[in-house]
Amino acid sequence: MPNEIINEVDYEETPPPSDLWRATEYKYANDIIQNGLLYLRNVQEYREDLDPERGDATETDGHFVRHDVPCTTSHTNPIFLWCTTLESDPDTVLTIWRNYDTVIHISDPQALAERILRAAVIKGVRGISFHAGTTIYNKDYNAPRFSDH
């Protein structure tokens with residue numbers, strides 16, 4: 001099934017999630033709630049994170065097989081992520097993100113994405129896009145992640 005784009009947000013699955021949760025530091029949660037400031041992490045931080053629950057040296061790389069040939073792709077432009085979860089229990093979220101002390105509940109992810117896109121246009125930021133979907137990790141780096149159909 002192809003992705004569906006809803007008001008410039010590319011969803012892997014529809015309907016989109018109604019709620020998301022994010023672990024962060026209290027000061028950054030306050031900045032989001034009080035000032036509308038959102039801090040994104042450079043993908044390189046996830047690549048270098050040694051924690052097996054969070055880190056992935058191949059974050060944003062694509063691994064697939066095309067005509068029986070294993071292929072890998074990556075990106076030339078910097079990528080920034082703002083990762084969330086569908087896990088609704090804050091204690092469970094904080095067990096994975098042990099270096100954080102606060103969990104934010106996003107009750108309308110679509111509205112948040114639209115607000116960020118509008119703010120980017122106002123600020124003159126180009127090339128911003130949203131792709132929302134479930135992350136599936138295959139940390140067996142020798143095995144292809146995707147294959148031709």
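Computation of the quantities below employed the complete heavy-atom set of this structure, encompassing side-chain atoms and omitting hydrogens, waters and symmetry-equivalent molecules.
Between Tyr28 and Tyr39, the ring-plane angle classifies as tilted under the 30° and 60° cut-offs.
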Quick one, Thr92 with Trp21, criterion side chain to side chain contact (heavy atoms under 4.5 Å, CB included). Give me CA distance, side-chain angles, the key distance, then yes/no.
CA-CA 11 Å; Thr92 302; Trp21 288 263; over 6 Å; no
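The CD atom of Glu87 lies 10.5 Å from the CG atom of Leu94; values are rounded to the nearest 0.5 Å. Taking CD1 of Ile122 as the reference point, atom CG of Leu117 lies at 11.0 Å (rounded to 0.5 Å). For the atom pair Glu114 CD and Ile6 CD1, the distance stands at 9.0 Å (nearest 0.5 Å). For the atom pair Ser88 OG and Leu20 CG, the distance stands at 11.0 Å (nearest 0.5 Å). Taken to the nearest 0.5 Å, the OG1 atom of Thr102 stands 8.5 Å off from the CD1 atom of Ile33. With values rounded to the nearest 0.5 angstrom, Thr24 atom OG1 is found 6.0 Å from Tyr100 atom OH.
Annotation: side chain of Pro16 is not in contact with side chain of Val9 (no heavy-atom distance under 4.5 Å).
When the side chains of ILVMFWY residues are joined at heavy-atom separations under 4.5 Å, either directly or via intervening members, Leu38 and Ile106 end up in a single hydrophobic cluster. Follow the hydrophobic side-chain contacts under 4.5 Å out from Tyr11 and you reach Trp82 in the same cluster. Put simply, Ile96 and Val93 are part of the same group of oily side chains (I, L, V, M, F, W, Y) that touch within less than 4.5 Å, one to the next.
A 6.0 Å sphere centred on CD of Glu25 holds more than 12 heavy atoms belonging to other residues, nucleotides or ligands.
When all heavy atoms are compared, the tightest approach of Leu86 to Asp19 is CD2-O, 3.7 Å. Shortest non-hydrogen contact noted between Pro17 and Pro109 is O-CG, 3.6 Å. Closest non-hydrogen pair, Gln110 versus Asn7, comes out as NE2-CB, 3.7 Å.
The closest donor-acceptor contact from the side chain of Asp101 to the backbone of Tyr26 lies under 3.5 Å.
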